[in-house]
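Heads up: the structure comes next, in structure tokens.
In what follows, chains are A, B, ... by sequence order, proteins preceding strands, each numbered from 1. What you are looking at is a predicted structure, and each value in this text was computed from that prediction instead of being measured.
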There are 2 protein chains.
Amino acid sequence: MSTTQMLKGIIDGCILAIIHEKEVYGYELAERLEQYGFDSFSEGTIYPLLMRMQKEELVTSTLKKSIAGPKRKYYSLTVKGEQELQQFIVRWESLQKSVNSVLQTKGQKNE
Amino acid sequence: MSTTQMLKGIIDGCILAIIHEKEVYGYELAERLEQYGFDSFSEGTIYPLLMRMQKEELVTSTLKKSIAGPKRKYYSLTVKGEQELQQFIVRWESLQKSVNSVLQTKGQKNE
DNA sequence: ATCGTATATCTTGTAATGCAAGGTAAATTT
DNA sequence: AAATTTACCTTGCATTACAAGATATACGAT
């Protein structure tokens with residue numbers, strides 16, 4: 001049981017949320033996720049995921065020149081992506097509630 | 001993106017937490033998880049998971065007669081299982097914090 | 001007795017997905 | 001021109017939730 005397993009299906013939503021703020025490119029996304037406290041994200045995770053989301057029409061991409069390096073592929077949310085984000089939030093809150101109610105049954109600290 | 005993917009690596013911890021309260025058998029566990037608000041749990045999920053956890057020496061099992069039906073296999077936590085539970089709680093809280101900080105960046109309701 | 005139902009466990013195969021490892025390429029610096 | 005940094009992509013593996021199906025025990029009704 002590792003942290004990586006806990007992320008399955010959750011990174012998707014987090015990435016949608018980050019793109020929702022403003023368009024980002026993959027390489028930048030990895031850095032942003034780390035800032036939010038996630039363990040460093042492999043590019044082998046992020047790029048396939050972005051491509052999958054584009055295939056599912058949750059995001060669109062446009063290439064833009066970089067000041068240093070090859071072109072950046074910027075992603076933004078589609079309407080469908082916005083909806084998916086909202087649904088993710090609902091699912092996440094539900095999951096969070098269930099897990100916390102299981103965990104707090106045992107007096108895990110004070111009280 | 002479905003709820004089931006979000007559960008990967010999380011059910012483990014929830015099951016440890018439930019067994020921590022008091023010993024349970026698999027069939028009962030499925031019902032308990034539903035009570036906590038999880039979507040119904042397949043037995044194809046629970047039994048393999050319990051066996052895996054026993055293999056990893058997180059739980060032990062003992063057979064007991066049932067009033068109606070075949071023998072029940074009751075599971076309880078080992079010391080290692082207790083430790084794993086504590087570690088899960090730490091990981092869960094960390095994950096929760098990260099995901100929520102990503103999500104709340106967008107004003108998802110009030111304020 | 002036998003059949004159906006509820007209880008209880010296990011096995012097999014499939015799909016999803018995080019990620020390590022490796023590859024390609026462009027721009028800047030040395 | 002060689003190295004470094006930025007940036008993207010691909011392949012293959014390991015993990016795991018779950019549907020579907022098999023097996024077995026106890027009890028009540030026919």
Mind calculating the distance between [atom1] ([X]) and [atom2] ([N]) to the nearest angstrom?
X       : N      : atom1 : atom2 : answer
A:Leu29 : D:dT6  : CG    : P     : 17 Å
A:Arg91 : D:dA17 : CZ    : P     : 16 Å
B:Leu33 : D:dC18 : CG    : P     : 10 Å
B:Leu63 : D:dA26 : CG    : P     : 13 Å
B:Met6  : C:dA16 : CE    : P     : 17 Å
B:Ile46 : C:dT9  : CD1   : P     : 10 Å
B:Leu50 : D:dT16 : CG    : P     : 14 Å
B:Lys55 : C:dT11 : NZ    : C1'   : 14 Å

Between protein and nucleotides 24-30 of chain C, map the contacts as a letter string: B base, S sugar-phosphate only, - none, heavy atoms under 4.0 Å, written 5' to 3'. -BBSS--
Is the closest side-chain heavy-atom distance between [X] and [Y] below 4.5 Å?
X       : Y        : value
B:Phe88 : A:Leu103 : yes
A:Leu7  : A:Phe41  : yes
A:Ile19 : A:Leu50  : yes
B:Tyr27 : B:Glu43  : yes
B:Leu95 : A:Phe38  : yes

How sharply is the helix from C:dA1-D:dT30 to C:dT30-D:dA1 bent, taking the axes over five pairs at either end and rounding to 10 degrees?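 The end axes of the helix from C:dA1-D:dT30 to C:dT30-D:dA1 are about 10° apart, to the nearest 10°.
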Does the side chain of A:Tyr25 get closer than 4.0 angstrom to OP1 or OP2 of D:dC8 through an N or O atom?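 It does not, given that no N or O in the side chain of A:Tyr25 lies less than 4.0 Å from OP1 or OP2 of D:dC8.
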Taking only side-chain N and O atoms of B:Ser42, does any of them lie within less than 4.0 angstrom of OP1 or OP2 on D:dA19?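 The answer is yes; a side-chain N or O of B:Ser42 sits under 4.0 Å from OP1 or OP2.
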Salt bridge (Lys or Arg N to Asp or Glu O under 4.0 Å) for B:Lys73 and B:Glu23? Distances and angles first, verdict last. CA-CA 10 Å; B:Lys73 192 182 275 185; B:Glu23 59 173 17; over 6 Å; no
Which nucleotide, D:dC9, D:dT6, C:dA8, lies nearest any side-chain atom of A:Arg72?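 Between D:dC9, D:dT6, C:dA8, the one nearest the side chain of A:Arg72 would be D:dT6.
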Show your working on side-chain hydrogen bond (donor to acceptor under 3.5 Å, both in side chains) between B:Ser61 and B:Gln54 and close with a plain yes or no. CA-CA 8 Å; B:Ser61 64; B:Gln54 184 161 30; 2.9 Å; yes
Do A:Arg91 and A:Glu84 meet the salt-bridge criterion of a basic N to acidic O distance under 4.0 Å? yes
Rounded at 0.5 Å granularity, tell me how far CZ in A:Arg32 sits from SG in A:Cys14. 12.5 Å
Using atom names, set out every protein N or O paired with an N or O of nucleotides 10-15 of chain D below 3.5 Å, distance rounded to 0.1 Å.
| from | atom 1 | to | atom 2 | distance (Å) |
| --- | --- | --- | --- | --- |
| D:dT15 | O3' | A:Gln5 | NE2 | 3.4 |

Side chain to side chain contact (heavy atoms under 4.5 Å, CB included) partner of B:Ile15, chosen from B:Leu58, B:Leu33, B:Thr45, B:Val24: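 Of the listed options, the one satisfying the test is B:Leu33.
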Students often mix this up, so state it plainly: with edges at 30° and 60°, are the rings of A:Trp92 and B:Trp92 parallel, tilted or perpendicular? tilted
